[in-house]
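A short worksheet on the structure shown next.
Just so we're on the same page: letters track the sequence lines, and every chain starts at 1.
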Amino acid sequence: MTAAADPARAAMLARIQNALGRGAPSEEQRRRVLQRCAAPSANLIPARGRENDRIAQFIAEAERVNATTERLAGWSAVPAAVAETLAAAGLPPRLRMVDDARLASLAWPAGLAVATGKSVDGDRASLAIAFAGIAETGTVMLLSSPSSPATLNFLPEMHIVILPEAVIVGAYEDAWANLRAALGVGVMPRVVNWITGPSRTADIEQTLLLGAHGPRLLHILLLAEA
Amino acid sequence: MQSKAHTFTANARAALADEPLQAALARFQGGFPVKRRAAIDRLPEFDALRDAGKAIKDATLANLDIYLEQFEAKVIAAGGHVHWCEDADAARQTVIDLCREAGAKTITKAKSMIGEEIAINEALAAAGFTPIETDLGEYIIQLRDEAPSHIIVPAVHLSKEQVAESFRAHHRDLPAERPLSEPQAMLDEARAILRQAFLTADVGITGANMLIAETGSTVLVTNEGNADLTQTLPRMQIVIASIEKVVPTLEDAATVLRLLARSATGQELSVYTTFTTGPKRGDDLDGPAAFHVILLDNGRSRMLGGPFAEMLRCIRCGACLNHCPVYSAVGGHAYGWVYPGPMGSVLTPNLIGLAGTSDLPNASTLCGRCEEVCPMRIPLPRMLRQLRQDAFASGGGPKPMRAGLAAWAFVAGRPWLYRLATGLGVRILGLLGRRHGRFRRLPGASGWTAVRDLPAPAGRTFQALWTERNGARR
Ligand code: SF4
C-alpha cells in the first residue's frame with residue numbers, strides 16, 4: 001500500500017495533529033523541525049565521557065562488567081594471544097573470524113584452524129575488530145558488513161574483539177561523530193552493536209549468571225599499533 | 001489478554017496471602033533500588049541528564065507526526081517496510097499476515113511489552129504458528145502460561161523450584177532424574193533448547209526501546225543477547241513498537257540510554273545495545289531478507305495533548321515499580337493487565353478505559369517515590385489523582401466509597417462543620433484510646449483494624465494545635 005492511500009496511517013497522523021492543535025505541517029515547519037536530524041548535536045555529555053586517560057578508563061569499566069582485557073603491541077601479536085586465550089578457556093583451537101586483510105596477512109599457528117564467513121551452530125570462538133571503544137562504559141562498538149557478519153558477535157561462547165587503542169573515544173557521542181565521518185550523516189550500517197561485557201541473565205531469583213544466549217566470555221585485545 | 005484489573009482488591013488480597021509470591025517479593029526487594037542508587041552515585045550529572053531526557057521526549061512529542069514520517073521514510077530508504085496500526089487488532093492481523101507471507105512455522109520472540117499489550121502470542125498460536133519466547137524470564141512464564149509480573153524481570157514472582165518444576169513438566173525429552181536445583185543448570189538447559197529455536201525460526205519478532213528518526217534505526221537493549229539472535233537468524237524480522245518510542249537523533253538515543261539501564265537494573269549500560277537499520281544488504285552473509293516495523297497507536301494519539309500526555313515520555317525502565325510500596329506488597333499480577341505498578345496504573349486506564357480499571361489509581365499511597373525516581377520526570381502521583389477524580393466524576397467506584405466521599409466533601413466544604421466534626425471525633429477517640437494509645441478493634445473501621453492497629457489521636461486536632469501555637473507566637 002502506498003503511504004498516501006493508507007487510511008490507518010492517515011487517521012493516526014490526523015489524530016496526532018489534532019492533539020497538537022495544528023493541521024499537517026507546512027514544508028517550512030517540517031524543514032525546521034528536521035534540522036535537528038540534518039545537523040545532529042550532542043546533549044549533555046557527563047564528565048566521565050571526557051577523562052584524560054581513556055585507555056585506563058576503558059579497561060577499568062570493561063572489567064567491571066566481567067570482560068577481560070589484554071594489551072598487545074600490535075597486530076603481529078594477535079595470533080599467539082588468541083591461541084593462548086582459547087587454550088586457557090579450555091576451548092578447541094578453532095576460530096571464526098572477520099574477513100579482514102590485516103588478519104589474513106598474519107602468521108596463524110599451524111594448530112589453530114581459522115575460517116571466515118558467517119557464524120554457524122557449533123562455532124565456539126570468534127574474532128572481530130571494533131570500530132570504536134567507548135571509555136565511559138567500557139563498551140566496544142562493532143559494525144556489520146559482508147566481511148563482518150553480526151552472527152559472529154552472538155553465536156560463539158567466546159567473543160574476542162580487537163580494539164586498536166587509537167579508536168577508543170570518551171563518550172557515545174564521539175563514536176557517533178566518528179561513524180558519521182566514516183559513512184555520512186544519516187547513514188548506518190545494517191547493524192551497529194554496542195557490547196558491554198559478556199551475555200548475562202538474572203531472571204531466576206536474581207542470581208547473576210554469565211552466558212545466557214550470547215557469549216559467556218568477552219576478551220578484548222587492545223592494540224597499541226593502529 | 002483479558003483485563004482482571006476490575007478485581008484488583010481481591011487480587012491484592014490473594015497476593016498478600018500467597019506465600020511463595022511473598023517470598024519472591026521479599027527476595028526482590030531492595031536489589032534494584034540499591035544498585036540504581038550505586039550507579040547514580042557514579043554519575044553526578046544524573047539529574048541533569050534526566051532534564052535532558054525529558055526535554056528530548058517533549059520536543060519529539062511536540063512534533064510527533066513529523067518525526068514518525070521521517071522515521072518511516074528512512075526505514076523505506078533502507079529497504080524496510082512500515083505498517084501503521086491503529087489498534088491491537090490491526091497490529092495482530094498485520095503480524096499474522098506477514099508470518100503467512102513468510103511461510104513461517106516457528107517464530108522466535110524477544111521480550112516486548114507491546115507484544116504483551118496486543119497479546120501477540122495467543123493470536124499467533126490461534127493462527128497455527130509456534131511462537132517461542134527467548135528471553136529466559138519470558139520463556140519461563142510462557143511455559144507456565146502466565147503474564148509477566150514486571151516489565152523488566154517478567155518472572156520475578158517465581159522461585160527456582162517453581163522454574164525447575166516447569167522445566168521438568170515441559171522438557172519431556174530430557175532424563176527425568178537430571179539435577180535441576182541450581183539456576184545454572186536451568187540456564188544451561190534453556191540455552192540449549194532455545195539455541196535450536198533460534199536456528200530453526202522463520203520469523204523473529206522483537207520490540208524496540210527506541211526508534212531513531214534521523215537514520216530509520218530501531219534500538220533494542222538486552223542483557224542475554226536473545227534479541228540479537230532473534231533478529232539476525234530468521235529470514236524475516238518484525239519489530240513491534242508504539243509511536244511514542246521515536247527520538248530524533250543518535251545523540252538523543254545516547255542520552256536516553258544513559259538513563260535507561262541505570263534506572264532499570266542499576267547497570268551503567270545493558271550488555272547489548274543494538275541499532276538495526278533495514279534488512280540484510282547486497283553481500284551481507286547474515287541478517288533477515290525482510291524487515292518490517294509495526295507502528296502501534298492503540299490509544300496513544302488520544303493521550304497526546306491531554307492531561308496524560310507526559311506519560312508518553314515513559315521509557316519502561318521499571319524504576320517506579322521497584323520503588324513502589326504497593327507493587328512491593330502485591331506484585332505485578334494483582335494489577336490485572338499488562339503494565340503493573342504506578343506506570344501501569346496510569347497507562348492501563350488510558351489504554352483500555354477507566355471503566356473496570358478504576359481501582360488501579362487507588363492502588364497507590366501517593367507517597368511520591370515513583371515520581372522521585374522516574375528518569376523521565378513523569379508526574380505519576382498527579383496523574384493518579386487525576387484518574388481518581390475522573391473515576392468519581394464518571395460515577396465509578398463502589399457505592400460506600402462514593403457515599404463516604406460525598407459526605408466528606410459536604411463537611412470539608414464547610415469549615416465550621418469540619419472543625420466541629422473533627423474536634424469531636426478526635427476528642428472522643430483520644431479519650432477512648434487513652435489507655436493503650438491504639439485501637440485493636442473499632443466498630444465501623446474493621447477494614448483497617450483487621451490487619452493493623454489504629455493509633456489513637458492525641459485528643460486535639462492539628463488545626464487547634466496550630467492556632468494555639470501561632471497565637472502563642474504572636
Ligand atoms: S514511569 Fe518513569 S519510572 Fe516508571 S517505567 Fe516509565 S520511565 Fe520508568
From [X] [atom1] over to [Y] [atom2], what is the distance, rounded to the nearest 0.5 angstrom?
{"X": "Asp228(B)", "Y": "Asn153(A)", "atom1": "CG", "atom2": "CG", "answer": "8.0 Å"}
{"X": "Gln70(B)", "Y": "Leu34(A)", "atom1": "CD", "atom2": "CG", "answer": "4.5 Å"}
{"X": "Asn43(A)", "Y": "Glu251(B)", "atom1": "CG", "atom2": "CD", "answer": "7.5 Å"}
{"X": "Leu285(B)", "Y": "Asp99(A)", "atom1": "CG", "atom2": "CG", "answer": "8.5 Å"}
{"X": "Thr207(A)", "Y": "Met186(B)", "atom1": "OG1", "atom2": "CE", "answer": "8.5 Å"}
{"X": "Phe154(A)", "Y": "Asp286(B)", "atom1": "CZ", "atom2": "CG", "answer": "10.5 Å"}

Locate the shortest heavy-atom distance separating [X] from [Y]; write the atom from each residue and the value.
{"X": "Tyr67(B)", "Y": "Arg36(A)", "value": "OH-CD, 3.6 Å"}
{"X": "Leu158(B)", "Y": "Glu205(A)", "value": "O-CG, 4.1 Å"}
{"X": "Arg190(A)", "Y": "Pro279(B)", "value": "CD-O, 3.1 Å"}
{"X": "Ser301(B)", "Y": "Ile16(A)", "value": "CB-CG1, 3.9 Å"}
{"X": "Leu136(B)", "Y": "His213(A)", "value": "N-NE2, 4.5 Å"}
{"X": "Leu187(B)", "Y": "Ala212(A)", "value": "CD1-CA, 3.9 Å"}

inquiry  = Quick check for you: among Cys85(B), Ala24(B), Ala52(B), which has the greatest number of heavy-atom pairs under 4.5 Å with chain A?
reply    =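 Winner by heavy-atom pair count: Cys85(B).
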Take Asp51(B) and Leu44(A), measure what side chain to side chain contact (heavy atoms under 4.5 Å, CB included) needs, and give me the verdict at the end. CA-CA 10 Å; Asp51(B) 295 333; Leu44(A) 171 69; over 6 Å; no
Residue part contacting chain B, namely of [X], when any heavy atom lies under 4.5 Å:
{"X": "Ala47(A)", "answer": "both"}
{"X": "Val33(A)", "answer": "both"}
{"X": "Leu155(A)", "answer": "both"}
{"X": "Pro198(A)", "answer": "backbone"}

Can you find a heavy atom in the side chain of [X] that is under 4.5 Å from one in the side chain of [Y]?
{"X": "Val191(A)", "Y": "Phe275(B)", "value": "no"}
{"X": "Leu250(B)", "Y": "Met188(A)", "value": "yes"}
{"X": "Leu269(B)", "Y": "Tyr172(A)", "value": "yes"}
{"X": "Phe198(B)", "Y": "Asp121(A)", "value": "no"}
{"X": "Met12(A)", "Y": "Leu68(B)", "value": "no"}

Fill in: Heavy-atom pair count under 4.5 Å with chain B, highest-scoring of Leu179(A), Ile195(A), Val192(A)
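Ranked by contacts with chain B, first place is Val192(A).
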With respect to chain B, which residue among Gln206(A), Gln17(A), Lys118(A), Arg48(A) yields the maximal number of heavy-atom pairs within a distance under 4.5 Å?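 Going by pairs under 4.5 Å, I would pick Arg48(A).
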Listed by number, the residues in residues 142-152 of chain A that come under 4.5 Å of chain B (heavy atom to heavy atom) are Ser145(A), Pro146(A), Pro149(A), Ala150(A), Thr151(A)
- Query: Taking non-hydrogen atoms and a cut-off under 4.5 angstrom, which of residues 22-32 of chain A neighbour chain B?
  - Reply: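 Listed by number, the contacting residues are Arg22(A), Pro25(A), Gln29(A), Arg30(A).
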Contact origin within [X] toward chain A - heavy atom pairs under 4.5 Å:
{"X": "Glu182(B)", "answer": "neither"}
{"X": "Ser270(B)", "answer": "backbone"}
{"X": "Ala62(B)", "answer": "backbone"}
{"X": "Pro44(B)", "answer": "neither"}
{"X": "Asp252(B)", "answer": "both"}
{"X": "Thr276(B)", "answer": "both"}

Compute whether any side-chain donor of one residue and acceptor of the other, for Thr137(A) and Glu268(B), lie under 3.5 angstrom apart.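 No.
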Original post:
Ion pair present between Glu157(A) and Arg195(B), side-chain N to carboxylate O less than 4.0 angstrom?
Top reply: no
Checking Arg300(B) against Arg15(A) for the side chain to side chain contact (heavy atoms under 4.5 Å, CB included) test, could you report, in this order, the C-alpha distance in whole Å, the side-chain angles of both residues, the deciding distance, and whether it holds? CA-CA 10 Å; Arg300(B) 289 162 175 84; Arg15(A) 265 201 307 275; over 6 Å; no
Check step by step if side chain to side chain contact (heavy atoms under 4.5 Å, CB included) holds for Ile45(A) and Glu45(B). CA-CA 9 Å; Ile45(A) 297 177; Glu45(B) 297 91 344; over 6 Å; no
| request: Kindly determine whether Asp203(A) and Asp135(B) satisfy side chain to side chain contact (heavy atoms under 4.5 Å, CB included), including the steps that lead there. | output: CA-CA 9 Å; Asp203(A) 273 348; Asp135(B) 170 82; 3.3 Å; yes
